[in-house]
Amino acid sequence: MLFNIISLLLFLASLANSSGSQTWIKAGYWFSGSEFLATDIDSSLFTHLICGYAYINSSTFELSISPPDETHFSNFTDIVRRKNPTVMTLLSIWTQNSNFQNFISMTSQPSHRTSFIESSIQRARLYGFHGLELNGVKPGTSKSNMTDMGFLFDEWRSAINRESNISARPPLILTMEGHYMPSQNTTSYPMDSIRRNLDWVNIRAYDYHSPTLESFTGAHSALYDPSSNLNTDYGIKQWISRGLPAEKMVLGLAYYGYSWTLVDPKDNGIGSPARGSLAADGSMNYKYIRTKVSYAREKGLLGYVVYQVPNDDNWVLSKAAQEEGKDQENNQLLWAILLPTFTVVALLLGTLTWYFRRRLFKWKVLVTRIMGIRPQRESQYPNLQAFSFNDIKAATRNFSHENKLGEGGYGPVYKGKLRDGQEVAVKRLSQSSKQGQEEFINELGFLPLRSS
Ligand SMILES: *[C@@H]1O[C@H](CO)[C@@H](O)[C@H](O)[C@H]1NC(C)=O
Ligand SMILES: *[C@@H]1O[C@H](CO)[C@@H](O)[C@H](O)[C@H]1NC(C)=O
Ligand SMILES: *[C@@H]1O[C@H](CO)[C@@H](O)[C@H](O)[C@H]1NC(C)=O
Ligand SMILES: *[C@@H]1O[C@H](CO)[C@@H](O)[C@H](O)[C@H]1NC(C)=O
Ligand SMILES: *[C@@H]1O[C@H](CO)[C@@H](O)[C@H](O)[C@H]1NC(C)=O
C-alpha cells in the first residue's frame with residue numbers, strides 16, 4: 001500500500017512537472033539579411049531564437065547555407081547563449097519563391113527527402129542548433145504535394161529520434177512556419193502528420209494585406225475582423241477545427257506594419273484606395289503587441305514568435321510581450337505547485353479514511369465476536385466471521401468457571417474453543433459493572449488486532 005502511494009505520488013509529480021515545465025514560448029526570428037548583429041540581440045527576452053535562412057540545394061536536395069551566411073550561422077548559437085545560456089536556437093529553412101520548386105522536387109522523391117533530412121540534422125548539430133524549422137510552405141498546392149509533405153515529416157521525425165538515440169542528446173526540435181489558414185483551395189496541410197511529428201507550428205498571423213498586392217489599405221495583421229476571414233482569430237479556429245491542438249501553436253507577431261500611398265489623402269481609413277507603399281519596403285514598427293500575447297494566452301496557445309527581432313525598438317516590444325506573458329508563466333508555476341500539493345493532501349485524506357475505516361471494521365468484527373451481534377452489513381465484508389451468542393456460550397462451556405481466565409475492570413474473561421478448534425478469548429461485560437460501555441469500547445479500540 002505504501003509503495004503504491006509512493007509510486008503514485010512520483011507518477012503524479014512527474015505529470016505535474018512535465019505540464020509545469022512546458023515552457024511558454026517567447027520566440028523571435030533573426031534574419032541575416034537584416035544586417036543586425038546577432039551579438040546585439042537581447043536574448044534574455046526569448047526562450048527560442050530562429051536563425052534564417054538555409055535553403056534546399058536544387059541538385060543535391062541537401063540543406064545549404066550561403067557562404068556569407070555560414071560565418072554568421074556557425075556561431076549564432078554560441079553568441080546568443082552568452083547573454084542567455086538557456087535560450088534555444090532553431091535553423092530555419094526557406095522554401096518560398098524560387099525555392100518552392102526545390103522543396104516540391106525534394107519532397108516528391110524518397111531519396112531526395114533522405115538527402116535533405118540527413119543533411120539538415122547533420123548541419124544543425126554541427127553548428128549547435130537545437131532544432132529545425134521549415135518555413136513558408138503554403139497549403140494550397142496539389143493534394144499529392146501535401147501528402148509528400150506528410151511523408152517528409154514522418155521521416156524527418158524518425159531520423160531525428162534515431163540520431164538522438166545514437167548521439168545520446170536530446171532530439172532536435174522540429175517545427176514549421178505555417179500559413180494562418182491551414183487549408184486553401186480545398187487542400188489542407190497534412191494535419192495528422194503535423195500533429196504527430198512536429199513540436200509546434202509557428203502561425204504566420206500577418207501579411208493579410210500588403211501594399212504590393214492590393215490597391216486599397218488593409219489591416220495586415222488583424223486579430224479580429226467580423227467582415228472578412230482575413231484575421232488571426234479565424235485562422236487559429238480553423239487550425240483547431242482541423243485537428244491541431246492549441247498547445248501546439250505559437251502565435252506569430254509582426255514587428256512591423258505597412259504604409260500605403262493614398263489615392264486621396266482625405267480618404268484614409270481601412271479599405272481606402274491606395275497605390276503601392278510609401279516607404280521603400282513599406283514596413284514600419286508598431287506596438288499592438290500586448291493584446292495579441294494575451295490572446296495567445298487566453299486561447300491556450302504555446303507562446304508567441306516575433307518577426308523579426310531586429311525590428312524591435314530598443315526592445316520595448318519584446319519587453320511588453322514578455323511582461324504580458326508572465327501571468328501565463330505564473331499560472332503554470334502555480335499549477336506546478338498546486339497540483340502535487342493537492343494530490344498529496346487528497347492521498348493523505350484517502351489513506352487516513354482507509355485506515356480508520358479498516359480499524360472501525362476490525363473493531364466491529366471484534367465487538368461482533370464478543371457480543372454475538374451479527375453486523376448489519378456483513379455482506380460487505382466477505383471475510384467477516386460472526387458468532388452467535390449460542391456459539392460463544394458453547395465455546396466457553398456456558399461461561400464455565402474452569403474457562404474463566406480472570407477478571408477485568410468491567411467483567412470476566414473466558415477462554416473458549418470454537419467448533420473448528422480455534423481458541424479465543426471472550427470478554428463479557430458484567431451487568432453489575434459500574435464502568436460504562438464507553439470504556440469497554442475504548443479498550444476494544446486499543447487491542448492489538450490480528451486481521452481475520
Ligand atoms: C548545390 O550543390 C552542388 C554540389 O555540392 C554545388 O556544386 C552547387 O553549387 C549547389 N547549388 C547551389 C545553388 O548552392
Ligand atoms: C563568428 O565566427 C566567425 C567565423 O566563422 C568569426 O569571424 C567571428 O568573429 C565569430 N563571431 C563571434 C562573435 O565569435
Ligand atoms: C487557389 O486557387 C486559385 C485559383 O485557382 C489560385 O489562383 C491560387 O494561387 C490558389 N492558391 C494556392 C495557395 O495555391
Ligand atoms: C505538386 O505535385 C505535382 C505532382 O505530384 C507536381 O506536378 C506539381 O508541380 C507540384 N507543385 C505544385 C505547386 O502543385
Ligand atoms: C536506441 O538504441 C538502442 C541501442 O543502441 C536500441 O536498442 C533501441 O531500439 C533504440 N531505440 C530507438 C527508438 O531507436
Side-chain angles (χ1 to χ4, degrees), residues 27 29 32 48-67 69-70 73-74 76-77 88-139 141-179 182 188-202 204 244 248 250:
Y29 284 94
S32 61
H48 296 77
L49 285 166
I50 304 170
C51 173
Y53 291 96
Y55 300 85
I56 301 167
N57 181 298
S58 58
S59 55
T60 64
F61 301 102
E62 291 182 346
L63 180 140
S64 94
I65 299 172
S66 78
D69 281 348
E70 192 128 20
F73 293 8
S74 61
F76 179 80
T77 302
M88 309 263 254
T89 57
L90 289 89
L91 178 60
S92 183
I93 301 140
W94 181 258
T95 65
Q96 293 186 50
N97 308 333
S98 58
N99 289 279
F100 188 62
Q101 198 46 52
N102 296 349
F103 172 75
I104 293 298
S105 311
M106 181 272 285
T107 49
S108 64
Q109 292 283 329
S111 64
H112 296 168
R113 292 199 295 265
T114 305
S115 304
F116 170 74
I117 288 168
E118 296 302 329
S119 64
S120 71
I121 295 172
Q122 192 256 338
R123 195 65 72 92
R125 287 299 195 201
L126 179 64
Y127 295 150
F129 288 101
H130 304 92
L132 291 157
E133 182 205 61
L134 185 72
N135 190 296
V137 181
K138 287 188 184 156
T141 60
S142 79
K143 272 208 168 62
S144 72
N145 298 143
M146 287 296 113
T147 311
D148 291 343
M149 192 180 180
F151 294 151
L152 173 73
F153 290 149
D154 280 331
E155 292 160 13
W156 214 349
R157 168 55 66 194
S158 39
I160 281 174
N161 288 347
R162 221 168 26 242
E163 189 274 344
S164 163
N165 193 0
I166 291 166
S167 69
R169 297 162 74 177
L172 290 169
I173 296 166
L174 186 59
T175 62
M176 70 177 264
E177 185 247 29
H179 194 260
S188 166
Y189 280 130
M191 210 54 101
D192 288 341
S193 176
I194 286 175
R195 192 178 45 235
R196 213 171 31 240
N197 298 307
L198 303 191
D199 290 286
W200 72 80
V201 178
N202 294 315
R204 188 191 186 88
L244 191 71
K248 281 216 164 196
V250 171

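No experiment lies behind these values; they were computed from the predicted model shown.
Evaluation of the salt bridge (charged side-chain N to carboxylate O under 4.0 Å, His left out) test over residues 94-110, restricted to residues two or more places apart or in two chains, returns none.
Under the 3.5 Å distance criterion, the side-chain polar atoms of His179 are left unmatched by any main-chain donor or acceptor of Lys138. Proximity of a side-chain donor or acceptor of His112 to a complementary backbone N or O of Ser105 within less than 3.5 Å is detected. At distances below 3.5 Å, at least one donor-acceptor pair connects side-chain atoms of Glu177 with backbone N or O atoms of Gly136. Judged by distance alone, with hydrogens and angles left aside, the side-chain atoms of Thr175 form a donor-acceptor pair with the main-chain N or O of Leu132 at under 3.5 Å.
Ala54 pairs by the side-chain contact (heavy atoms from CB on, under 4.5 Å) definition with Leu63, Ile65, Leu91, Ile93, not counting sequence neighbours. With sequence neighbours excluded, the residues satisfying side-chain contact (heavy atoms from CB on, under 4.5 Å) with Ser58 are Asn102. Every residue two or more places apart in sequence or in another chain that forms a side-chain contact (heavy atoms from CB on, under 4.5 Å) with Thr60 is listed here: Asn57, Glu62. Residues passing the salt bridge (Lys or Arg N to Asp or Glu O under 4.0 Å) test with Arg196 are Asp154, sequence neighbours excluded. Annotation: salt bridge (Lys or Arg N to Asp or Glu O under 4.0 Å) contacts of Arg123 (sequence neighbours excluded): Glu70.
Exactly one of Thr147, Asn145, Leu152 qualifies for a side-chain contact (heavy atoms from CB on, under 4.5 Å) with Thr107. That residue is Leu152. Considering Arg157, Glu133, Lys248 as possible partners of Asp199, the one that fulfils the side-chain contact (heavy atoms from CB on, under 4.5 Å) test is Arg157.
Counting only N and O atoms by type, the side chains of Asn197 and Ser193 include a donor and acceptor under 3.5 Å apart. The closest side-chain donor-acceptor pair between Asp69 and Ser32 falls under 3.5 angstrom.
Rounding to the nearest 0.5 Å gives a distance of 13.0 Å between CZ of Phe153 and OG of Ser158.
Under a cut-off of 6.0 angstrom, the local environment of CZ in Phe151 is sparse, with at most 12 non-hydrogen atoms contributed by other residues, nucleotides or ligands.
Ring geometry for Phe76 versus Phe129: interplanar angle under 30°, hence parallel rather than tilted (30 to 60°).
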side-chain contact (heavy atoms from CB on, under 4.5 Å) between Asn135 and Thr95, intermediate numbers included
CA-CA 6 Å; Asn135 190 296; Thr95 65; 5.7 Å; no
